[in-house]
Amino acid sequence: MQPSIGQYLLSRLEHAGVRHVFGVPGDYILRFYHLLSQSPLQHIGTTREDTAAFAADGYARSQGLGALAVTYGVGALNCVNAIAGAHAESSPVILISGAPGVGEQKDDPLLHHRFGPYRFQREIYERITCLTVVLDDPIIAFRQIDRALSAAREHCKPVYIELPRDRIDSPGHPIPDQLTSAQSSDPGSLNEAVAETRELLAQSRAPVLIAGVEVHRRGLQESLLSLINRLQLPVAATLSGKSVIGERHPRYLGVYEGALGPEHTRERVEQADLLLMLGVTLNDIDLGIYTAKLDPGRMVRASSGEVEIHHHRYPRVLLKDFMSALSAEVAIHETHIDPEQESVAIPPTAATERPVTIEYLIARLNECLTPEMQVVCDTGDCLFAAIDLRVHEKGEFLASAFYTTMGFAVPAALGAQVARPTRRVLVLVGDGAFQMTGTELCTAAALGLNPIVVVFNNRGYSTERFILDGPFNDISTWQFHRLGELFGPLKGYEADTEIGFDQALSAALMASCASIIDVRLSKEDPSPAMRRLAERLGKRI
Ligand SMILES: Cc1ncc(C[n+]2csc(CCOP(=O)(O)OP(=O)(O)O)c2C)c(N)n1
Ligand SMILES: [Mg+2]
C-alpha cells in the first residue's frame with residue numbers, strides 16, 4: 001500500500017537525518033502529530049511556535065536540517081520572525097504548517113485562524129523561504145516533498161510545506177526522481193579563479209584569510225583547516241562566522257569586525273597585502289558598522305557561487321570547489337610561515353570580592369570552556385562580549401549574529417542540545433532577551449538536558465541605552481535564580497561579585513541538571529565592542 005502524504009513526509013525527514021520535530025499542535029495539524037507519534041521521530045513540544053522555529057534553527061545549524069510542525073495562522077504566523085532569521089542566516093529549517101482541508105476551503109468559508117484569503121500564508125512565506133509548497137494534490141505531493149527537502153539542503157535556507165488536513169492521510173503517488181541535479185561549478189571559471197588566486201598568493205608577503213559564516217553552513221570546516229595547514233595562513237573569522245575554525249588554533253587571529261573588534265586582529269587584517277575571504281557575507285555587523293577597511297584591490301572573495309578578485313568576477317564557482325581546488329593546487333609558500341604564535345593566551349584570573357564585570361565573566365568562561373561545550377549566544381551585549389570568548393576546536397558558537405533577533409539563544413540551545421545531547425551547552429543571554437523566550441528553559445529542564453544559562457543582567461536594554469537612553473529601556477525585574485520553582489529540575493544562582501560568579505559557575509558545571517546564573521552587572525559596564533558600537537550607532541540615529 002502507498003504511504004500517505006503525511007507518512008511520506010515523515011519518512012523523508014527521517015531519511016534526511018531529522019530525528020526530532022519541534023512545535024505546538026492545533027486542529028489543522030493534529031492528524032500529522034498523530035502520525036508523528038507513531039513514527040520513529042520524536043516530537044519536542046515547546047511553549048510557543050517561534051521558540052520551536054528557533055529550536056529547529058539551532059538543530060539545523062548543529063546537524064544539517066531541522067523541522068517544526070505548527071497549526072495554520074496562529075501557529076505559522078507566530079514563526080515569521082524566527083523563519084526570517086533562518087533565511088537571513090542561511091539555516092535549513094523545514095516549516096510544516098497544517099491548513100484547512102482542500103474540501104473545507106471550497107466555498108471560501110470563514111474558518112477559525114483565517115486572517116485573509118487562504119493563499120496569504122503561503123504568500124508571506126514565499127518572501128522568507130527558498131521554496132513553498134502546498135500539498136493539495138496527491139499526484140505530485142511526494143515530488144513536492146522531495147523538492148522541498150533538497151532545496152533546503154542545497155540552498156541552506158528554510159522551506160515552507162503546507163499540509164491541508166484532508167490530505168494528510170491521502171495516499172500519494174511515487175514519481176520517478178526528476179530532481180534537477182545539484183548546482184555545480186563551471187570548470188573553466190573555477191580553473192581561472194584558482195590560477196589567479198595562486199598567483200596572487202605566491203606574490204603576497206603578508207596574506208590573511210578571513211573565514212565567514214558560509215563555511216559553517218556549507219559544512220566546509222575540515223576543508224578550511226586543510227587549506228590553512230597547507231597555506232600556513234593566519235586566519236580571522238567574522239562575527240557571524242565565529243568558531244568556523246577552533247578559536248584556540250595556533251594560526252587564529254580572532255574576530256575581525258573593523259573598529260569594533262579586537263585591535264590586534266584589526267591591525268593584522270588591515271595591514272595584509274592580500275585578503276583571502278572565504279564564505280564571508282558583507283553585512284553591517286560583520287563589517288563593524290562599516291568601520292572595516294577592506295580594500296577590494298587586495299581582495300579575493302569566494303562566496304554565493306562566485307569568486308571576486310579585485311574588481312572582476314568569476315561566475316559559477318562554488319565555495320567548496322574553490323576551496324578544495326586551491327588546497328590541492330597551491331604550493332606551500334615559505335613567506336607565509338609566521339613564527340609568531342597567533343593565538344592569544346588566556347591568563348588565569350584570580351577572583352576577588354569586587355563587583356563582577358563583563359570582562360571578568362568572559363575571562364572566567366574562557367578558562368572553563370572545554371572541547372565538549374558549545375556556546376549559544378543571544379543578541380545584546382553578550383554577543384559583543386563573546387567576541388573575546390575562545391571556543392575550542394570541536395566546539396561551536398551559534399548566534400543570530402547578523403539578523404540579530406533577541407530571543408534566539410535559549411530555544412536554539414534547546415535545539416542544538418537535542419541534536420547533540422553529548423555536548424554541554426553554555427547559553428549567554430541578556431535579561432531582556434531572556435524575558436522574551438527564556439520560558440523554553442522549562443522544556444530543556446523537563447527533557448533532562450543540562451544547559452548552563454548565564455544571564456547578563458544589567459536591568460534593561462543596555463544595547464539601546466548606550467545608543468539612546470530613556471525610560472523605554474527599563475524592564476521589569478525578574479528573580480531569574482528562582483525559576484527552578486516554576487520550571488522543574490533547574491538550579492538557580494545569583495552572582496554580584498567575582499567570587500560569587502566563580503562559585504555559581506563551578507556549581508553549575510558540577511550539576512547534572514540545567515542551571516541558570518543571574519549575573520548582576522552594572523548598567524555602566526559595557527563590553528569594549530559595545531562601547532565602540534554605541535559610539536557609531538549613536539552618531540547615526
Ligand atoms: C526581537 C527583537 N526586538 C528588539 C530588538 C532591538 N534590540 C537589540 S538589543 C536590545 C536590548 C537587549 O536587551 P538585553 O537582552 O537585556 O541585552 P543588553 O543589551 O542589556 O545586554 C534590543 C531591544 C532586537 N534585536 N530583537
Ligand atoms: Mg539587559
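Side chains are part of it too, since the values below use all heavy atoms of this structure and drop only hydrogens, waters and symmetry mates. Since the model is a prediction, treat every value here as computed from it, not as a measurement. Counting starts at 1 for both ligands and their atoms, in listed order.
Between R420 and Q374, some side-chain heavy-atom pair lies under the 4.5 Å cut-off.
Using a 4.0 Å cut-off to heavy atoms of D381, the atoms of ligand 1 that qualify are 18 (P), 19 (O), 21 (O). Each of the following atoms of ligand 1 lies closer than 4.0 Å to a heavy atom of S462: 18 (P), 19 (O), 20 (O). Which parts of ligand 1 touch A433 is read off a 4.0 Å heavy-atom cut-off, strictly below it: atoms 14 (P), 15 (O). Against a heavy-atom cut-off of under 4.0 Å, G432 is close to the following atoms of ligand 1: 14 (P), 15 (O), 16 (O).
The N/O atoms of G380, backbone and side chain alike, include none that comes under 3.5 Å of an N/O atom in ligand 1. Considering backbone and side-chain N/O of T404, one or more are found under 3.5 Å from N/O of ligand 1. Close N/O approach between G460 and ligand 1 is found [any backbone or side-chain N/O within under 3.5 Å]. Between M530 and ligand 1, no N or O atom pair is found at a separation short of 3.5 Å.
Under the side-chain contact (heavy atoms from CB on, under 4.5 Å) test applied with I210, the options L253, T265, V269, D286 reduce to a single match, V269. With respect to V70, the side-chain contact (heavy atoms from CB on, under 4.5 Å) criterion is satisfied by exactly one of N78, L95, D50: L95.
Looking at D431 against ligand 1, both its backbone and its side chain come within 4.0 Å, counting heavy atoms. Contacts with ligand 1 closer than 4.0 Å are made by no heavy atom of R465, backbone or side chain.
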I would like to know whether Q121 and V134 meet side-chain contact (heavy atoms from CB on, under 4.5 Å); could you show each step before the answer? CA-CA 11 Å; Q121 183 170 298; V134 177; over 6 Å; no
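The heavy atom nearest to atom 19 (O) of ligand 1, considering only V455, T463, L383, is found in T463. Distances from atom 9 (S) of ligand 1 to the heavy atoms of Q435, K523, E464 show the closest one on E464.
Put simply, the side chain of D388 never gets that close to the backbone of N366: no donor and acceptor are under 3.5 Å apart. Judged by distance alone, the side chain of D431 and the main-chain N or O of R459 form a donor-acceptor pair under 3.5 Å. Using a distance-only test at 3.5 Å, with no hydrogens or angles considered, a donor-acceptor pair links the side chain of K157 to the main chain of H87.
Taking the Mg ion (ligand 2) as reference, D431 places its N/O/S atom OD1 nearest.
D378 and A409 get closest at one heavy-atom pair: OD2-N, 2.9 Å. Of all the heavy atoms in E89 and F402, the pair that sits closest is OE2-N, 2.8 Å.
For atom 26 (N) of ligand 1, the closest heavy atom belonging to the protein is M406 N, 3.1 Å. Scanning the protein heavy atoms around atom 13 (O) of ligand 1, the nearest turns out to be Y461 CD2, 3.3 Å.
At a threshold of 2.8 Å, the Mg ion (ligand 2) has no backbone or side-chain N, O or S atom of G432 nearer than that distance. Residue T463 does not count as close to the Mg ion (ligand 2), with no N, O or S atom under 2.8 Å.
When only modelled atom types and interatomic distance are considered, E498 and T352 share a side-chain donor-acceptor pair under 3.5 Å.
Between H112 and Y28, the two ring planes are parallel [angle under 30°; tilted spans 30° to 60°].
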